[in-house]
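Side chains are part of it too, since the values below use all heavy atoms of this structure and drop only hydrogens, waters and symmetry mates. Computed from a prediction, not measured in an experiment: that's the story for all the values here. Just so it is clear: chains get the letters A, B, ... in the order the sequence lines come, proteins before strands, and each one is counted from 1.
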There are 2 protein chains.
Amino acid sequence: MAGIKDVAARAGVSMATASRALTGHPSVSDAARAAVRAAADELGYRANGVARSLRTRRTRILGLVVPDVLNPFFTELARAVEEEARALGYSVIIGNADDRPEQLDHQLRSLLERRTDGLLVAPADDPSAELLRRTARSGTPLVFVDRWIAGAPGVPVVRADGRAAVRALVRHLHRLGRRRIAVITGPAATATGRERLDAFRGALGELGLPPRPELIGHGDFRAESGRRETARLLSLPRHSRPDAVFAADNLMALGALDAIRAAGLRVPAGIALAAFDDIPWFAHLDPPLTAIAQPTAELGRAAVRALADRIEGRPAASVTLDARLVARASCGEPGGARGGGTGRLGNVRRCDDGAERRERESGS
Amino acid sequence: MAGIKDVAARAGVSMATASRALTGHPSVSDAARAAVRAAADELGYRANGVARSLRTRRTRILGLVVPDVLNPFFTELARAVEEEARALGYSVIIGNADDRPEQLDHQLRSLLERRTDGLLVAPADDPSAELLRRTARSGTPLVFVDRWIAGAPGVPVVRADGRAAVRALVRHLHRLGRRRIAVITGPAATATGRERLDAFRGALGELGLPPRPELIGHGDFRAESGRRETARLLSLPRHSRPDAVFAADNLMALGALDAIRAAGLRVPAGIALAAFDDIPWFAHLDPPLTAIAQPTAELGRAAVRALADRIEGRPAASVTLDARLVARASCGEPGGARGGGTGRLGNVRRCDDGAERRERESGS
DNA sequence: CTGAAAGCGCTTACAG
DNA sequence: CTGAAAGCGCTTACAG
């Protein structure tokens, strides 16, 4: 493959001039620039990014570590991240932690070794997140997205605050007559898992509903845990069985649907179901599923912008957006037993929330 | 950040010995190896992969270019690719072509510049796929996955042959009394789009059903085209309106569902619907959707293995797997008007097809 | 088993 | 505006 030396030779200039012409350096004569460009075209020259990176100490690659690429939320997030990164001139390497702490470390090490210019991470707060904390302290440009961990001061966090939406959801269920509302939580090790559970409990309290430990299912953001915990909830003695289930993410909601169907129950007649994280398919489930929607793509874009700020030496800001409730038929009423899916794709929203909120605090 | 020079100094050996100790070269004394390892640990040394790549001319990065990352088929494919790649010691950069030829070129250029060791591409056969063809000829290790293009001889193709499954689907519809079967195709520029349409037409012919041009909707594998074409089909004069729609991918099926719902029709009573590409949510749609399932993860793994073969100088083989029909309720009967979703997650399969087939032909 | 030295392909002060 | 030269951080023949 032709190198810059070949291009320079063909254009009859030095490597230095060839390099300047190709990288758009201003002080190159028009004649030289034209000759170099022509030579490069003729040779089909493509700069060796590895050599360039070694010299410039920048790879223009961003690392993104997500807990589970198959989770539609993270898929959409990754897509938005890639798009915004591309717009800013970066490529993205996605690392899938597969919800395993050692995988997170593996991905982190791999990304660090590749000298990505910066890292976007949605971590679980595991004691073994030591490497992540060290990375944060080491000065590697780092931004947390969706989730964050303690012990990493100065790292901007880009996330959606789901508390108001969870509160709206619980009130929605209450208004529709549900009183024994169960929740299937995410891992206590995740910031989002804790936040959703806290908001849920708080909302219950506000409505004067007693806390019922047996109605809390401990899931892990994966479908199987949703199925398992829902099955358990449905096998409770009749008087303590829930009349509604709130799954703290979309995959657990899928599992919950499985369990509900296996038990021969109907939604919402037999039991209400709602999920955190909205996806296009929810409008077409049987019945259309009530869910809390995050501004996922905007989260991804904001995270990339914050990271680029960090990398390029500008002050980076944390960003908090709001999630919102999309009420469909799975808890009763909205849209009726049928329906709930009219109009434009994925746009069947009845929002119970306020406007989007952004809070910008200067990062360090 | 500590470099190998620092490690060598601390261990009291030369850079050469330090390098050998760290990369596991056999001819290093145990004492030196231990000293180097200790020094590396103490300094928190992490090799600079950029420098290593420049020297070894290998990046251990694979490029994967998919037409649309948001399409669950490609998401699952990408996940399997990343997993298998990691097992073989590679990272993966995913490029999203976003179904735009110029984006494909952009991603290709970016990946080539980064000197990825090899490329996995699911291309659209556009005239402008010239860069891709040139890349194939240039000797860059390349494997096509899912889709392929003409004019790239010697490039292994890893894909599923959907023809038998499409045929099984058409017979399934026919057995259930459907006679005016419409199809919403993918772009004629894609190998998969053409194959599915050809198989569909062939199957119609075998059953003695006349071809009806007005029942062919030209889609682009995106949801909106499925909606639009289905709306058009449903607005045909009553006597030529279809009694079944086959969407050639899952996103167009989503759009079709939208249009059907907007028209106030029920599935399958008002119209039957089936899709190419199965996803977990299909079992929970209203009604559960009959679909053709590809062995997506296996496709991804096989593609990576073929590419690794190429990269590492072994002969690479094309691989063809079979897709299979998963009959649920959306065309009538199986599982009844309700149901169709029992048992394990995404495993509600009634297969009308034979065993998996693999065809290995030695690549060049 | 070990070390000195070359070199991977670029970019960029430095001097002119 | 241009060129000669150094250097990014490694690995690896080569010689010992």
Review point. Ion pair present between B:R109 and B:E113, side-chain N to carboxylate O less than 4.0 angstrom?
Key: no
Exercise for review: Using distance alone, with no hydrogens and no angle criterion, decide if B:Y90 and B:R58 have a side-chain donor and acceptor under 3.5 Å apart.
Suggested key: yes
Revision key, fill the gap. Rounded to whole Å, CZ of B:R58 lies from C1' of D:dC10 at a distance of 16 Å
Practice item. Could you tell me whether A:E130 and A:R133 make a salt bridge, using a distance below 4.0 angstrom between a side-chain N and a carboxylate O? Key: yes
Study note, to complete from the structure: All heavy atoms of A:A303 vs all of A:V143, minimum pair found to be O-CG1, 4.2 Å
Check your understanding: Whole-Å distance between D:dG9 C1' and B:D6 CG?
Key -> 11 Å
Exercise for review: Provide, to the nearest angstrom, the distance between the CZ atom belonging to B:R52 and the P atom belonging to C:dG9.
Suggested key: 18 Å
Exercise for review: Taking the side chain as every heavy atom from C-beta outward, state whether A:L120 and A:F144 have any pair of such atoms under 4.5 Å apart.
Suggested key: no
Practice item. Would you classify A:S53 as touching base, sugar-phosphate or nothing, given that sugar-phosphate means primed atoms plus P, OP1 and OP2, and contacts are heavy atoms under 4.0 Å? Key: nothing
Practice item. Check whether any side-chain nitrogen or oxygen of B:Y45 sits under 4.0 Å from OP1 or OP2 of D:dG9, and answer yes or no. Key: no
Revision key, fill the gap. For DNA chain D, consecutive-pair runs of 3 or more (Watson-Crick or G-U wobble, both H-bond-type distances under 3.5 Å) give C:1-3 with D:14-16, C:5-12 with D:5-12, C:14-16 with D:1-3
**Study point:** Side-chain H-bond candidate by donor/acceptor type, A:E82 with B:Q107, under 3.5 Å
**Key:** yes
Point to revise | Pair A:S91-B:R114, side-chain donor/acceptor within less than 3.5 Å | key: yes
Check your understanding: What is the per-nucleotide protein-contact pattern of nucleotides 2-8 of chain D, from the 5' end, where B denotes a base atom under 4.0 Å from a protein heavy atom, S denotes such proximity for sugar-phosphate atoms only, and - denotes neither?
Key -> BBB-BBB
Point to revise | Euclidean distance for C1', D:dG16 against D:dT12 (whole angstrom) | key: 16 Å
Review point. Does one side chain, of B:T75 or A:T75, offer a donor that lies under 3.5 Å from an acceptor on the other?
Key: no
